[in-house]
Amino acid sequence: MRRKLVAGNWKMHGSLAENEALLAGVLAGMADVKAGVAVCVPYPYLAQVQSRLTGSAVAWGAQNLSQHAKGAFTGEVSASMLKDFGCAYVIVGHSERRALYGESDAVVADKFAAVQAAGLTPILCVGETLEEREGGTTEAVVARQLDAVIAQSGVASLAKAVLAYEPVWAIGTGKTASPEQAQAVHAFIRGKIRALDAGVAEGLVIQYGGSVKGSNAVELFSQADIDGGLIGGASLNAEDFLAICRAA
Ligand code: 13P
């Protein structure tokens with residue numbers, strides 16, 4: 001049995017005071033959570049979560065990084081810097097990075113490799129737009145996004161990674177993929193990897209992301225190939241986030 005993992009993606013939200021209240025609320029409700037739990041926070045708050053969460057059952061991580069190790073890259077943050085702040089996870093290839101910041105499959109593959117080179121675990125996001133889904137290219141898009149990483153880092157690299165299937169049309173829209181729609185893509189992903197390495201495929205945690213709430217989490221997480229979630233909006237409220245963690 002794969003252990004489920006629920007990760008909050010705070011995106012560009014929070015303040016020192018808000019985070020303090022949110023973290024306290026989450027920690028207070030962790031006793032009956034069996035799944036792995038993490039929060040991925042904006043860079044400036046990594047020190048805060050490190051000091052608040054060290055020794056707790058909640059891990060933390062970042063939402064992005066530079067693919068470069070160091071150098072003249074004003075405004076960028078490297079994997080080793082994230083490691084300094086105790087990050088376990090780094091999200092790479094989130095659809096907002098791909099769409100708003102022009103991150104190509106090749107850049108995402110470089111970032112994935114940079115996270116692993118520092119000994120951290122990438123959470124690799126893949127997913128199709130509404131146009132791609134309606135055009136019948138969901139599997140082709142997800143396969144292309146995965147292939148870029150596999151071509152660069154090899155299928156064995158997925159043994160130390162987490163995948164997140166996030167259909168772009170379900171992110172922040174309140175329109176969740178149905179459990180059947182999500183399961184179909186998760187099964188496709190696992191099947192594709194199984195064809196390359198069955199052991200890696202069976203152990204791989206594949207999260208679903210896109211308008212997950214306490215009310216839909218149980219049904220989503222009970223699907224055979226859905227191993228938890230990557231949670232945006234609902235991770236900003238301790239009770240909402242805990243309800244999802246308990247569902248996992
Ligand atoms: P929402 O849960 O707000 O739809 O966001 C999902 C997401 O993008 C997590 O990375």
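Remember, it's 1-based here, ligands and their atoms both numbered in the order they're listed. Computed from a predicted model, the values in this text were never measured in an experiment.
Remark: ligand 1 and Thr173 share no N or O pair separated by less than 3.5 Å (distance only, no angle test).
Taken together through direct or relayed side-chain contacts under 4.5 Å among Ile, Leu, Val, Met, Phe, Trp and Tyr, Trp10 and Phe85 form part of one hydrophobic cluster.
Residue contacts with ligand 1 include Ala170, since one of its heavy atoms falls under 4.0 Å from the ligand.
Of the listed residues (Gly232, Ser95, Gly8), the one carrying the non-hydrogen atom nearest atom 2 (O) of ligand 1 is Gly232. Across the listed options Ala164, Ser211, Ser235, Gly127, Ser211 owns the non-hydrogen atom lying nearest to atom 1 (P) of ligand 1.
Of all the atoms in ligand 1, the ones that sit under 4.0 Å from a non-hydrogen atom of Gly172 are 1 (P), 3 (O), 4 (O). Every atom of ligand 1 with a heavy atom of Gly233 under 4.0 Å away is listed here by number and element: 1 (P), 2 (O), 3 (O). Atoms of ligand 1 lying under 4.0 Å from any heavy atom of Glu166, numbered from 1 in the order shown and given with element: 6 (C), 7 (C), 8 (O), 9 (C), 10 (O). Using a 4.0 Å cut-off to heavy atoms of Lys11, the atoms of ligand 1 that qualify are 5 (O), 6 (C), 7 (C), 8 (O). Distances below 4.0 Å separate heavy atoms of Gly210 from the following atoms of ligand 1: 4 (O), 6 (C).
Between Lys213 and Asp240, none of the side-chain N atoms (NZ, or NE/NH1/NH2) sits under 4.0 Å from a carboxylate O, so this pair counts as no salt bridge.
Gln207 and Leu5 get closest at one heavy-atom pair: NE2-O, 3.0 Å.
Between the side chains of Gln63 and Tyr89, no donor-acceptor pair of N or O atoms lies under 3.5 Å. When only modelled atom types and interatomic distance are considered, Asp105 and Gln145 share no side-chain donor-acceptor pair under 3.5 Å.
Classification of the His186-Tyr208 ring pair by plane angle, with boundaries at 30° and 60°, yields tilted.
The ring pair (Phe, Tyr, Trp, His ring centres under 6.0 Å) search around Phe188 returns none, not counting sequence neighbours.
At a 4.0 Å heavy-atom cut-off, ligand 1 touches Asn9 through the side chain alone.
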